[in-house]
Protein chains: 2
Amino acid sequence: MITLTEENYIKAIYHLGKQGEETVNTNAIADSLKTKASSVTDMLKKLSEKKYAHYIKYQGVILTENGKKIAISIIRKHRLWEVFLVEKLNFTWDEVHEVAEDLEHIQSEKLINELDAFLEHPTHDPHGDPIPDKDGNFKQIEKILLSQAVVNNKYQCVGVKDTSSSFLKYLDANKIALGTEVTILHKEPFDQSIKIELNNNTITVSQNVAKNLFLKTV
Amino acid sequence: MITLTEENYIKAIYHLGKQGEETVNTNAIADSLKTKASSVTDMLKKLSEKKYAHYIKYQGVILTENGKKIAISIIRKHRLWEVFLVEKLNFTWDEVHEVAEDLEHIQSEKLINELDAFLEHPTHDPHGDPIPDKDGNFKQIEKILLSQAVVNNKYQCVGVKDTSSSFLKYLDANKIALGTEVTILHKEPFDQSIKIELNNNTITVSQNVAKNLFLKTV
DNA sequence: ATATAAATTTAGATTAATCTAAATTTATTG
DNA sequence: CAATAAATTTAGATTAATCTAAATTTATAT
Ligand SMILES: [Mn+2]
Ligand SMILES: [Mn+2]
Ligand SMILES: [Mn+2]
Ligand SMILES: [Mn+2]
């Protein structure tokens, strides 16, 4: 039996280690889960014991194949619930995260597969992140950060890196949504701010914004 | 902060004590939650401490007004999720209970009220039990057990007392669903079995069945 | 290469929930 | 109404998850 806490650690290790590819440090996990390094050490021993991860003292941790599968299944649930909340229950994209954080731990194969069908097998969640299918398969669409975009080129918004409520509300206020098309007008060398055109309007966004908005070429 | 375990105890006390009206014994709770009496005693002290219940050593426990409110809110969530699973996700009425047992603990006012609206404010769950509204109000429809029905009278099935999978599957197999009309043909004094007519068919059901099927006069 | 800093682990407690076995209280019954 | 039975509580452990403070290991920087 896997506990809710173990699931949260596994998911954190997966995300911090670039989809489970890289080794992750104790402190990184502690920061991410808002817990203490000593608590993390205890849990890493347990995850290792249970064969969810390979852990070497002082060297870091990486998920096993099984651990990766579990992580992907939790992420699938998290993102499907987010779609449900936005599409069916009138949640905004900045409201879904906390609730999905709990819903992702509900254990029922049938529940999640029926939810997937009910939502008509969505491929991306409200933040543009891909949703793994029943077998754990998914592909990242190729995307770049606005900060890496080229002047005069045209792009489409396809995702956010920061999913904090404040950033998402900023985007809402500036009418930047997934699917919105943007043209790069000017990149200011002084402060890395970027002038863009969208919805027949011209706005300037800070470097901070530019580093958290994903685009694809169109 | 209320824990999942506290919520399960509060719900059990509510149900065992006729909607929180009567005092409940330690052993009854232990049986209902499949735990030991000594564990129950510990939790009753805690619930009392937290003002969710009045507990007197050796005398039993009863919910406070606040405890009752919490119980009703959990039951509301449980039943709304059951409706969702059956109406939207193709669950059968014998499959919903365990999942709802977990979903009922998800904490989000918005989630449950939007779910309620999405389901168009259902008044009863798949087993015929009433769903409390946002303010905790609900009314039991007047219903009797099939075992108390009168020969020659006509009734409509409106609920089940036993919600076990085996009983619900028995009802399915015999085409007895909520809404089905039944006429009482004969009550056998020897074994309390009852001959009934439904769907233009005549069947005989055992006392055990008769004591777990709710009817209303039509 | 040695000292200092940073990261990590260990030691020892704490809290929630559970259990078994023993002690106590309440109920039943001859 | 005593004595036996049943119900309940207490005592003492255990497991999961967490914490603080101390010890240890690894990294960095003269
Ligand atoms: Mn979570
Ligand atoms: Mn998301
Ligand atoms: Mn429950
Ligand atoms: Mn029900």
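Every heavy atom of this structure was used, including side-chain atoms; hydrogens, water molecules and symmetry mates were not. By convention in this document, chain letters (A, B, ...) are assigned in the order of the sequence lines, proteins followed by strands, and residues within each chain are numbered from 1. All figures in this text were calculated on a predicted structure; none of them were measured in a lab.
Here D/dA13 presents its C1' atom at 16 Å from NZ of B/K36, a figure rounded to the nearest Å. Going from atom CG of A/L4 over to atom C1' of D/dA16 covers 12 Å, rounded to whole Å. The distance from atom CG of A/L44 to atom P of C/dT10 is 11 Å, rounded to the nearest whole Å. Remark: C1' of C/dT15 and CD of B/E49 are 14 Å apart, rounded to the nearest angstrom. One atom, CD1 of B/I29, and another, P of C/dT18, lie 12 Å apart when rounded to the nearest Å. Protein atom CG of A/N27 is 15 Å distant from nucleotide atom P of D/dT26, rounded to whole Å. To the nearest angstrom, P of C/dT10 lies 4 Å from NZ of A/K45. Spacing between atom NZ of A/K50 and atom P of D/dT15 amounts to 13 Å, rounded to whole angstrom units.
Salt bridge status for B/E65 with B/K68: present, with a side-chain N to carboxylate O gap under 4.0 Å. Between B/E142 and B/K216 there is no salt bridge, since no side-chain nitrogen of the basic residue lies less than 4.0 Å from a carboxylate oxygen of the acidic one. Between B/K11 and B/E104 a salt bridge is recorded (basic side-chain N to carboxylate O distance below 4.0 Å).
Ring-centre distance between A/H97 and A/H127: not below the 6.0 Å cut-off. Taking the six-membered ring wherever Trp is involved, the centroid distance between the rings of A/F214 and A/Y155 does not fall below 6.0 Å.
Mapping A/T35 and B/G60 onto DNA chain D by nearest heavy atom places B/G60 closer to the 5' end of the strand.
Closest to the side chain of B/A37, out of D/dT9, D/dC19, C/dT9, is D/dT9.
OP1 or OP2 of C/dT10 has not a single side-chain nitrogen or oxygen of A/T41 nearer than 4.0 Å. OP1 or OP2 of D/dT18 has at least one side-chain nitrogen or oxygen of A/Y9 nearer than 4.0 Å.
B/D42 comes within contact range of at least one nucleobase, with a heavy-atom separation under 4.0 Å. When heavy atoms are screened at a 4.0 angstrom cut-off, A/S39 is found touching base atoms of the nucleic acid.
Between the side chains of A/T64 and A/N66, not a single donor N or O lies within less than 3.5 Å of an accepting N or O.
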Detail all sub-3.5 Å separations between protein N/O atoms and N/O atoms belonging to nucleotides 21-29 of chain C.
residue	atom	partner	partner atom	Å
C/dT25	O4'	B/Y58	OH	3.4

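Counting non-hydrogen atoms of neighbouring residues, nucleotides and ligands closer than 6.0 angstrom, the NZ atom of B/K69 reaches no more than 12 such neighbours.
Both distances falling under 3.5 Å, in either a Watson-Crick or a G-U wobble arrangement, place D/dA22 opposite C/dT9.
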